[in-house]
Amino acid sequence: MKGTIMKQAIIAATSAAMLALALTLAGCAAPQDQQSNVEQKVSEAQQETAVQQSESIKPSPDKYTWYVKDYRGMNAASVGYTALDELRHDRYGDGTLGIVYVSADGSYINPTDEESLKQYVVYDQNLKPNTEIKLEFLKQEDGTEYDNLVASESQEEVVLAVKKIGEADATAPCMTAIDSSPDKYTRALRDYVGRNLASCGYISMAGSLADHYGSGYITMNVLSGDGSYIELDDKDSLADYVVVGQSMQPNTMITMEFSKKADGTEYDNLVSSQSVKSLDLKVVKLNS
């Protein structure tokens, strides 16, 4: 009888000890799992921060070569300046790049409204930082170059996706990287899909919508989804629409020929013909 009681006591004590050991091990494992999760989240946050950090931009080796800046994280009002043509530009040596702001919902970002721009931050750009920009300079009659008169640039604009400060990043429209132009005779068609119509080119003196391509330009035929008439010479009217399609693919090459003087030499900036003269843009009204 006493032996039986003794065995039961030993078994009970052993079970209690094993239970205590299991609880202890479980208690030790939980903090390790939690620490692992924390370390993973910290690592992911560090990786995300590293991606968002500005990329170091190569220094310009000469007046002909420049590199696209890293605009990500910049306040929109801190980018470039508003020129006399009421478009945004940023200087690259003696040349400039046009600045085009786009928003995920297609709403118009006015490049001349500094107070409004201060509400936005850049979170993406279509040309990667350090994309090379080549400048060519105008020449005098004797063939020598002017010091600061640029004839052509291999890139003419950079598209910046912006969001309201504090908002999460959204899918950025118009982020197609446009091919560089090898010379003044060749230009690559831009990506207009996702842009607000008021951010597409400029209103010409003839009252049509056009966009510069080197020394040439193309006119844009605007087609509304519902067939309604759009006042092309009215910026406020254009701002009500977003582009949802274009008749030619981005990076379609546009070739140009230049007029010649009596001695057979070409004019620097007088285009006589070009392979693409117009582009159809399909648009829809915002919030429709």
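The basis for the numbers below is simple: all heavy atoms, side chains too, and nothing from hydrogens, waters or symmetry mates. Quick note: residue numbers are just sequence positions, from 1.
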Margin query: Are V242 and M220 connected into the same hydrophobic cluster when the rule is that any two of I, L, V, M, F, W, Y join if their side-chain heavy atoms are below 4.5 Å apart?
Written below: no
Next item on the list: Indicate yes or no for a side-chain donor-acceptor contact from Y101 to the backbone of A76 under 3.5 Å, with no hydrogens or angles considered.
Entry: yes
Notebook entry, point to check: Which residues pass the ring-ring contact (aromatic ring centres under 6.0 Å, His included) test with F137, sequence neighbours left out?
Noted result: Y64
Checklist line | Closest contact, heavy atoms only, V79 versus M74 | finding: CG2-CE, 3.9 Å
Notebook entry, point to check: So, the side chain of S181 versus the backbone of T186: is there a donor-acceptor pair under 3.5 Å, distance only?
Noted result: yes
Checklist line | Where at least one partner belongs to residues 170-181, residue pairs that pass salt bridge (Lys or Arg N to Asp or Glu O under 4.0 Å), sequence neighbours excluded | finding: none
Which atom pairs, one a donor and one an acceptor, fall under 3.5 Å between side chains of residues 190-197 and the rest of the protein, sequence neighbours left out?
residue, atom, partner, partner atom, Å
R190, NH1, D211, OD1, 3.3
R190, NH1, D211, OD2, 2.9
R190, NH1, H212, O, 2.8
R190, NH2, E156, OE1, 2.8
R190, NH2, H212, O, 3.0
D191, OD1, V193, N, 3.2
D191, OD2, T176, OG1, 2.7
Y192, OH, D211, OD2, 2.6
Y192, OH, Y213, OH, 2.7
R195, NE, D191, O, 3.3
R195, NH1, S199, O, 3.4
R195, NH2, E157, OE2, 2.5
N196, OD1, A198, N, 2.9
N196, ND2, G106, O, 2.9
N196, ND2, A239, O, 3.0
N196, ND2, Y241, O, 3.4

Check: Has the side chain of S272 got a donor or acceptor atom that lies under 3.5 Å from a matching backbone atom of E257?
Finding: yes
Notebook entry, point to check: Can you name the salt bridge (charged side-chain N to carboxylate O under 4.0 Å, His left out) partners of K139, sequence neighbours left out?
Noted result: none
Next item on the list: Determine yes or no for a side-chain-to-main-chain donor-acceptor pair under 3.5 angstrom, with N110 supplying the side chain and L117 the backbone.
Entry: no
Next item on the list: Would you indicate whether Q249, at its atom CD, is surrounded by more than 12 heavy atoms from other residues, nucleotides or ligands within a distance under 6.0 Å?
Entry: no
Check: Under the side-chain hydrogen bond (donor to acceptor under 3.5 Å, both in side chains) test, which residues partner D62, sequence neighbours left out?
Finding: T65
Note to self: Go through it in stages, so that I can follow the logic: the residues are E266 and K184, the test is salt bridge (charged side-chain N to carboxylate O under 4.0 Å, His left out), and I'd like the CA-CA distance, side-chain angles, deciding distance and then a yes or no.
What the structure shows: CA-CA 12 Å; E266 289 181 345; K184 71 175 185 177; 3.5 Å; yes
Next item on the list: Could you pull out all residues at least two apart from K118 that satisfy salt bridge (charged side-chain N to carboxylate O under 4.0 Å, His left out)?
Entry: E115
Margin query: Donor-acceptor check, side chain of Q274 to backbone of Y217, threshold 3.5 angstrom: yes or no?
Written below: yes
Next item on the list: For Q125 and Y71, indicate whether the former's side chain and the latter's backbone hold a donor-acceptor pair under 3.5 Å.
Entry: yes
Next item on the list: May I ask you to decide if A210's main-chain N or O and T219's side chain share a donor-acceptor pair within less than 3.5 Å?
Entry: no
Notebook entry, point to check: Under a 4.5 Å side-chain heavy-atom rule over Ile, Leu, Val, Met, Phe, Trp and Tyr, are V122 and I178 clustered together?
Noted result: no
Notebook entry, point to check: Are R72 and D70 ion-paired here, with the side-chain N under 4.0 Å from a carboxylate O?
Noted result: yes
Next item on the list: Under the side-chain hydrogen bond (donor to acceptor under 3.5 Å, both in side chains) rule, collect the residues that match up with S215, sequence neighbours excluded.
Entry: none
Check: With sequence neighbours left out, which residue pairs that include part of residues 74-103 fulfil the salt bridge (Lys or Arg N to Asp or Glu O under 4.0 Å) condition?
Finding: K69-D90, R88-E114
Check: Do E55 and N130 have a side chain donor and acceptor closer than 3.5 Å?
Finding: yes
Notebook entry, point to check: Of all residues at least two apart in sequence or in a different chain, which pass the side-chain hydrogen bond (donor to acceptor under 3.5 Å, both in side chains) check with E141?
Noted result: none
Margin query: For D147, give me all partners under side chain to side chain contact (heavy atoms under 4.5 Å, CB included), at least two apart in sequence or on another chain.
Written below: none
Item checked: Atom pair CD/OG of E231 and S237 - distance to nearest 0.5 Å -> 6.0 Å
Next item on the list: Decide yes or no on side-chain hydrogen bond (donor to acceptor under 3.5 Å, both in side chains) for Q155 and S180, but give the supporting numbers first.
Entry: CA-CA 6 Å; Q155 292 284 352; S180 293; 3.0 Å; yes
Notebook entry, point to check: Ignoring hydrogens and geometry, is there a side-chain-to-backbone donor-acceptor pair from Q246 to M248 under 3.5 Å?
Noted result: yes
Check: For F258, what residues pass the ring-ring contact (aromatic ring centres under 6.0 Å, His included) criterion, not counting sequence neighbours?
Finding: Y185
Margin query: Are V158 and I109 linked, directly or through intermediate hydrophobic residues, by side-chain heavy-atom contacts shorter than 4.5 Å (ILVMFWY only)?
Written below: yes
Next item on the list: Without swapping roles, check the side chain of T82 against the backbone of P111 for a donor-acceptor pair under 3.5 Å.
Entry: yes
Notebook entry, point to check: Within the distance-only criterion (no hydrogens, no angle test), does the side chain of Y202 pair as donor or acceptor with the backbone N or O of L87 below 3.5 angstrom?
Noted result: no
Check: With sequence neighbours left out, what residues match E132 under salt bridge (charged side-chain N to carboxylate O under 4.0 Å, His left out)?
Finding: none
